[in-house]
Amino acid sequence: MKRLGPLRLRNRTVSLAFDIHSWLGILGCLALFVCCFSGSLALFEQELVAWERPATRVDSDAEGLSVDQLLEVARQHLGAEKDMFVILPTPHSGGMQVRAFGDGKVEKVFLDPTSGAVVEAEHETAFEFLTHLHTDLHLPRPFGRYLVGFLGIFLLMSLITGVMTHTKVIKDLFLLRWRPRRLRLTFSDLHKQLGVWGLLFGFVMASTGAVLGLLGLFAPVMVLSAFGGDVDKATEAFSGPRFEATGSRAEMLSVDSMIDDLEGRIPGTEVSSFFLRHWEDEAAEIALNLDQAPHRKLVAGETHRLSLVDGSTLHMSRFTERGAGSRLFGAMQPVHYALFGGLAAKLLYFLLGVALSLGIATGAMIWLERRRPAAAEQRERRDRTFWLGRIHLGVSLGLVLSSALALAAGRIAPPFVEATFWTAWLAIFVGAFFVPSSLVALRAGGFLTAAVLVAVASYDLLASPVLPLAAKNVDIALLTLAGLVAAASALIPKRARDSRNVDSQSQPAEALPEPT
Amino acid sequence: MTKRTLDPDGAKGGGWKGRISAAVIGGTVLAFAVGVFVTIYMPGFDGLDQAFMGGLVLVLAWPSIMLWVLFARSGGKAWVRVLIPFTLFLALDVGGLFL
């Protein structure tokens, strides 16, 4: 029996793997593209929060107020009795971010660390909006989150079957026939190249994404198994005992001194955020989250819960000192969001994420090209492949262009981020059915995206009287990205010749049986 | 036009609907049974550690099981691929939880 490829799989297995890969791809490509592309942008949410809200930009050289002083301002503004989650200021994230919880609502403000001025966060920034698109596709919770988790499973299956169909892995690593007039051949080579080079990244993203997305679904079953269904016991094992407010007033310790004390006790670490509960009560506590030393950043999740009355440790959670399950689980978020390697890791993830999105898009294009009618007169007919192709064009090109427009709205007209994004996406989706050629639309869309990026970066450079280094870097990055997008768009041909004559060259496995 | 139907064996080894239903329904149930098995039996730091490991195994086993079932020669064989290990894992899970 003939066996194919480095995996020595049987002909039937390769053929079936190819079919499953095709069908998984065509069924899930649009949602996967949305998830992967928005995820590539969501990587920079922290870096762009302050850029999109100029009022929260911080000059890193200026002398700042203490955390205690800033907390006093926050309590006066938001209410002293509310529990608060605080993210300490960095040059990228802007001022101190405070989220207050009470009456079933969450209020969010930024505090200027030098003056203590309060900046209301009334609207979601474009990057916060795109992050939500990535984490739950803006669907009702928790269903959106689960759907994204299932997309991870989908992508895993697609990657496994993709590997199984590869009969010439080494050749696929380096073969790229750039034939602007024979697009199916180019799409096929590009799909294989992106798939093989980005395989490890794809597996890591799909598996970590599936775990993070489906956590809410499988956690109850696992808790039932491990703790006999005792949710309180499981919660206590995770975050320690929970104390309710006593109603008795107590003097609070200085938060600044508690942060300094903890950072002094664990060298190489820095407190990045904390949670305050029951302020000025006898049961008051603070949960300090540590941003760990670089060599320990791969496993997140070190939290110290301390009493705000006497400074005693109530509970300490550190995944690195637990078993394999906790260590692996603690690594999910840092690995998925590139939190372990600074900006360099995020840039690498961004490139690989865009490559993964492009791999998904080219896969769908190959599927559609294979099914296009061969005869020229039939190709003019608006058949099933025409409509599917235009839906694909509208969703994918629409997402790219509307993301750029949402970013522009986030910087220039913050209240209109959401409206701009959805209106632009809908308009491009509808417009995709009326453009004479998909390739022309792709070229134009690419140039338009680059123009929007140049416009928004130029606006920021000209409109900001004082530009901190972090914001200036973002503008330079946007201009560079615009140049790359424009260069990629210039490579797209204006029209393609019929590519049916190269059909056999773009088969994934040379020994696939011909269908009856 | 190339037409593919997840059925390279033709009518002889058909039943792709059976295979897909076995993969989706049976594969999901089997993946949960495997996850619970790992949670109960894998030695860990504590219950939380075991629950995390069980969850991770569940998510990684899920697509592998579904594919393995889809590669069966017919719908009936796909269900057999699911039911035999599921019965085994179910018995071990019930034994570990209640005995």
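The chains referred to below are lettered A, B, ... by the order of the sequence lines, with proteins before strands, and numbering in each begins at 1.
- A:A206 does not touch chain B: none of its heavy atoms, backbone or side chain, sits under 4.5 Å away.
- Across all non-hydrogen atoms, the minimal contact from B:G47 to A:A226 is O-CB, 3.5 Å.
- The line from CD1 of B:I20 to CH2 of A:W23 is 9.5 Å long, rounded to the nearest 0.5 Å.
- Here the straight-line distance linking atom CG of B:L58 with atom CG of A:L217 works out to 8.5 Å at 0.5 Å rounding.
- Between chain A and the options B:D46, B:D93, B:V38, the largest number of non-hydrogen pairs under 4.5 Å is found for B:D46.
- Heavy atoms closer than 4.5 Å to chain B are found in the backbone of A:A234, but not in its side chain.
- Looking at B:L97, the atoms closer than 4.5 Å to chain A (heavy atoms on both sides) all sit in the side chain, from C-beta outward.
- Ring planes of B:F52 and A:F329: parallel class, angle under 30° (limits at 30 and 60°).
- Annotation for B:L56 and A:G325: closest pair CD1-O, 4.0 Å, computed over non-hydrogen atoms.
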side-chain contact (heavy atoms from CB on, under 4.5 Å) for A:I20 and B:F71? Distances and angles first, verdict last.
CA-CA 9 Å; A:I20 295 170; B:F71 278 98; 4.2 Å; yes
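- Within the 4.5 angstrom heavy-atom criterion, no atom of A:F203 approaches chain B.
- Within the model, atoms CG of B:D49 and OG of A:S326 stand 3.5 Å from one another, a figure rounded to the nearest 0.5 Å.
- Residue A:L214 touches chain B through its side chain alone, counting heavy-atom pairs closer than 4.5 Å.
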Chi angles and distances behind the side-chain contact (heavy atoms from CB on, under 4.5 Å) call for A:L16, B:R19
CA-CA 12 Å; A:L16 200 51; B:R19 276 184 280 161; 3.8 Å; yes
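- Considering CE of A:M222 and CG of B:L48, their distance stands at 13.0 Å, rounded to 0.5 Å.
- A pairwise comparison of heavy atoms in A:A210 and B:V59 identifies CB-CG1, 3.4 Å as the closest pair.
- Rounding to the nearest 0.5 Å gives a distance of 7.0 Å between CG of A:L24 and CG of B:L67.
- More than 12 heavy atoms of other residues, nucleotides or ligands sit less than 6.0 Å from atom OH of B:Y41.
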